[in-house]
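What follows is a single structure, written as structure tokens, with notes after it.
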Amino acid sequence: MPTREVLTLQFGHYSNFIGTHWWNIQESSFSYEPKQPSEINHDVLYREGETPRKETTFTPRLLLVDLKGSVGHLTEQGNLYKAVEKSLPLHSDLWDSENIQVTTEPVVNKAPFIQNLEKGPADGEDAVVNFEDDVTVWADYLVPRFHPRTVNIVREYEHQSLDQPFNVFHYGHHLWKTEQFQEEFSNKIRAYAEECDFMQGFQVILDSTNGFSGLGSSCIQHLQDEYGKSILAFPVIDGKNFNKSLNDLFKVLNTALCYQSIGEHCSLFSPLCVGQNGWPQAGACRQFNHLTYNSELDYHTSSLLATALDTISLRYRQKEFSTSALSDLCADLNKLGRRAAATSLSLPFPMTAGQDLIDVLDDHEGPLWTSLTPSCDISMDKSMQSLVLRGIHHERLKRPPHEAKLQQRKAAYSCSSVHEMMTLYLACSCHATATHLTNLKAPLTIKEPYPNIFNNNIHQNGDFSPWPVGEEVKSVPVLAGLHSGPSLSHMFDSLHSQASRIKSISKLRGFKDSGLEQDELIECLDQLLTYKEAYEDHYE
Amino acid sequence: MAAISLLNPKAEFARAAQALAVNISAAKGIQDVMRTNLGPKGTMKMLVSGAGDIKITKDGNVLLHEMQIQHPTASLIARASTAQDDMTGDGTTSTVLVIGELMKQADLYISEGLHPRMLTEGFELARAKTIEVLDSLKIPIEPTKEGLMDVAKTSLRTKIHPSLADKLTEVCVDAVLAIRQDEQPADLHMVEIMEMQHRTAADTTLVRGIVMDHGSRHPDMPKRVENAYILTCNVSLEYEKSEVNSGFFYKTAEEREKLLAAEREFIENRVKKIIALKKKLCDGTDKSFVIINQKGIDPPSLDMLAKENIVALRRAKRRNMERLGLACGGSAMNSVDDLVEENLGWAGLVYEHVLGETKYTFVEDCKKPTSVTILLKGPNKYTITQLKDAVRDGLRAINNAINDRAVVPGAGAVELAASRALHAYKEQVKGKQRLGVQAYAEALLVIPKTLAVNSGFDSQDSIVKLLEESTALGEAVGLDVTTGEALKPADAGIYDNYVVKKQIINSCTVIASNLLLVDEIMRAGMSSLKG
């Protein structure tokens, strides 16, 4: 079976933060040694191309959208296919040289990391990099270079503008109807689709609290109408907490409208946020046993979400079982009107140094994963789930018989592969749950600019010790999954009750002006309840 | 103390004279930014972003979209002006200038104590009179190439360099005439605008057929065919797995593969039907067969088609389905059952052109193409963007002229004539409204004045000359931007669209009146949004 391509779309600043980490992670997993080919089929998400100078390129099959002033040093066209002109063009048949007025915005300084990246290892000292302080926009830690098609900048709204903020669902919806999106952007989607031989579908990451929710939802509707392929969507909320303000209601309403729309048009969606509540405030951040991160830094929080996405998506981009497609993943989880799923992450997968998987699983207490979906705690029971485990090597499975000792008493000792043992474990510990498990040998490679968020008791291979070891983490095993189960009903319930606090939309000016009717708000609230009911079972 | 401050002590507000001053200064400000762009001698503006992206333009509409306007009044004017462009494709800069000038003139009278209501009533009278003048200046034209060249040239010269404008004029006029069917209004979407990033802007051409930015995806398909039947269809020729069956139902991978093969056969049958038609029509003749599909075509299907020497293109633009029908004949098919020859289009030549990683497919030599392509060329993105904006406006100008069946003299002639007529008319107006008419008459002169300044002449000098000449000749005269003297627009071939002028007059009057009548500006509740 040949490659089955997926097109990725990113709408919004936080989505691009996540996307940037994701593409960086993927780039770090490229294998350049022919003897050890990667287990991942990178052609699924990347495309091969050729520049006008006949150089081969390998760029993400990606379209991203962000506002004016949010992309730092990046130019819309990128510098891969055509070098950016250093000086302004002086002569042209387009204008008389005496009759031109040049307006130049201040030059954007490149972040130290980007400067180091561009100059190569040979020439001189590297600048000192401190990501936590340097990173203001996602382009500041972006490793891959993009195809000229990839970057799309919205000219109508400015990044972080206070006067005309892009903070209303309908603004995005109207933006989709402008020529930039109707013609240019949808033509770019078409151009990518035209290149694909066996396209399996689309993955969309979109900010759900601002105008991008409307833009992304409109685009998802377009994709469904035009291509009829599987669409996996991730509406995201950043983890920052602000003071209570009217803005919270804007965010809640945008999110509610977003879920209503994409619930109708995509195959499966999974809301993501590192905060426990998501709305009206992100809330306290999710705790991971061996990580310390700053929930106010997009650079930190987005890396966790990117790790989850990279791991979950391995199911449809591994080389082995190439028929396993996005449509299967969606079909497994979206039955009975359950279009939403929760995302879980276990980073690092808790392997104790010197122990085997069989013992680790046996000794493990509590849930195996942490939920990354707001207002939703994932239970082990009564759900459909698709899990991906990476980085547990066969040698770590169990001891050979002559060293096994106590291990031999355990039922799991008869399992001869990681896949088999994990399946057995899940079958025993999850009640009434169907699990699809994908496992890969290669761990997640940790490489700059991935943030250093691991506690000091983590070994360089990701194992943990009870005491500090002070090693630099190079790779970690990861478990991540998508879960469709009753806990999602709580998410919809909580969003519904927050959105119900909006009694009248006339208080939220932007919405009324841009065409939201009171009836539509009521309809949206009802729809959230309908989604919620799909997750309730009454068998007891 | 404004009433609002009782309700909301945090509200910011400006009253009466202060409110008016805010509006007037905003209108002047935006006028100052745009004034240098007006006319063929106006300056180009080059905008360079912090990262180095370049944008070059002279078009008021593009500029207003590029600028981040913070001031609420200015942004209201900007929005009204860009709405003007959406309707008629031209006149953005003029709208901004006239609104600004009306406000300025009004300011003089209001500061002397005149109530704004009197002024706006005068404006309304003046507007009606101006429309009368405009109607009397109409020059009827026939929708022929000669008749349209001048109005297209006038519009294009205000957007791009004159040498290029002349080149594009012919391209645009030919394009509109080609797609025009009998007496029906032309649908400008039927002119495809395709970009190719190479060579220079002067290589822009009109292709009497369709150019698509994709090609066949099989190495064995012919790169060039003649006498081709064209099948345009919207039929999926790729195997798509539905989401109906969950993966949990399959026991083994083999079981799945089997099911896939069975479903694949369904697609194969569709391809076979197309091949059967091709065999019937083309085998034994010198004709060939081309499929242009809106949906996908997968490699096994491409293989089958390539073996029959059929050229197949997948994922065509939705709009190209309609365009191809108009260019080649035939109709877009939604099913491949019962295909007959009448469903197919015909083209004399279909060939592929490769540029970097993009393939272009040209469908040419059509019998009577009523859909054509303008192929824009330029060495870089910003050149092409500028050309594209200009071509769009050029097409609109031609289409407006055809729809109006008339043009009006350009080079400021309309404004000058209207101003003279208003000065005469003002004598008949009783009461203070007369001052409004007078202000309006003065304000209209901003167009010829700005034209003169942008061409390097003294505005007072030129206006006096023009008024004298106009009185002497008793007809409308405009400004010659090369000499600063008066000229007859008809002699120089400078024409504007009737509908554009009418629109400018109407919308400027309404907006300026509304702004003048504002007596309180408040800003409340915004502070709670910050955070």
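Bear in mind the structure is a predicted one, so any value in this text is a computation, not a measurement.
Here the shortest heavy-atom pairing between A:E195 and B:R217 reads CG-NH2, 3.6 Å. Looking at every heavy atom in both residues, B:K295 comes nearest to A:E226 through CE-O, 4.1 Å.
Annotation: A:N243, atom CG; neighbour count of heavy atoms from other residues, nucleotides and ligands within 6.0 Å does not exceed 12. Within a 6.0 Å radius of CZ in B:R318, no more than 12 heavy atoms belonging to other residues, nucleotides or ligands are found. B:K359 NZ: more than 12 foreign heavy atoms inside a 6.0 Å radius.
Under a 3.5 Å cut-off, the side chain of B:E357 and the backbone N or O of A:E50 do form a donor-acceptor pair. A side-chain donor-acceptor contact under 3.5 Å links B:R314 to the backbone of A:C196.
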Q: Using the side chain to side chain contact (heavy atoms under 4.5 Å, CB included) rule, take B:H214 and A:R190 through it: C-alpha gap first, then chi angles, then the decisive distance, then the call.
A: CA-CA 10 Å; B:H214 51 122; A:R190 190 189 62 80; 3.7 Å; yes
(Q) Working note: A:E179 + B:R392, criterion side chain to side chain contact (heavy atoms under 4.5 Å, CB included); need CA distance, chi angles, decisive distance, verdict. (A) CA-CA 12 Å; A:E179 190 192 292; B:R392 288 241 172 87; 2.8 Å; yes
**Q.** side chain to side chain contact (heavy atoms under 4.5 Å, CB included) evaluation trace for A:Y227 with B:R315
**A.** CA-CA 10 Å; A:Y227 299 94; B:R315 300 261 174 228; 3.3 Å; yes
Q. Between B:K381 and A:E76, does a salt bridge (charged side-chain N to carboxylate O under 4.0 Å, His left out) hold up when you go through it step by step?
A. CA-CA 10 Å; B:K381 183 82 183 161; A:E76 207 162 358; over 6 Å; no
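Residues B:E238 and A:K229 are paired through a salt bridge, judged by an N-O separation under 4.0 Å between the basic side chain and the carboxylate. The existence of a salt bridge linking A:E183 and B:R319 is confirmed by a sub-4.0 Å separation between a basic side-chain nitrogen and an acidic carboxylate oxygen.
Scored by the side-chain hydrogen bond (donor to acceptor under 3.5 Å, both in side chains) test, B:R157 finds B:D166 as partners (sequence neighbours excluded). For B:E352, the side-chain hydrogen bond (donor to acceptor under 3.5 Å, both in side chains) partners two or more places apart in sequence, or in a different chain, are B:S216.
Heavy atoms closer than 4.5 Å to chain A are found in the backbone of B:A316, but not in its side chain. Neither the backbone nor the side chain of A:Q160 comes within contact range of chain B; no heavy atoms are under 4.5 Å apart. Using a 4.5 Å cut-off between heavy atoms, A:N109 does not touch chain B at all. No part of B:T358 comes within reach of chain A, as not one of its non-hydrogen atoms sits under 4.5 angstrom from that chain. Heavy atoms of B:D213 lying under 4.5 Å from chain A belong exclusively to its side chain. With a 4.5 angstrom heavy-atom cutoff, A:D197 touches chain B via backbone and side-chain atoms both.
For the atom pair B:L313 CG and A:E194 CD, the distance stands at 7.0 Å (nearest 0.5 Å).
Annotation: side chain of A:T104 is not in contact with side chain of B:L47 (no heavy-atom distance under 4.5 Å).
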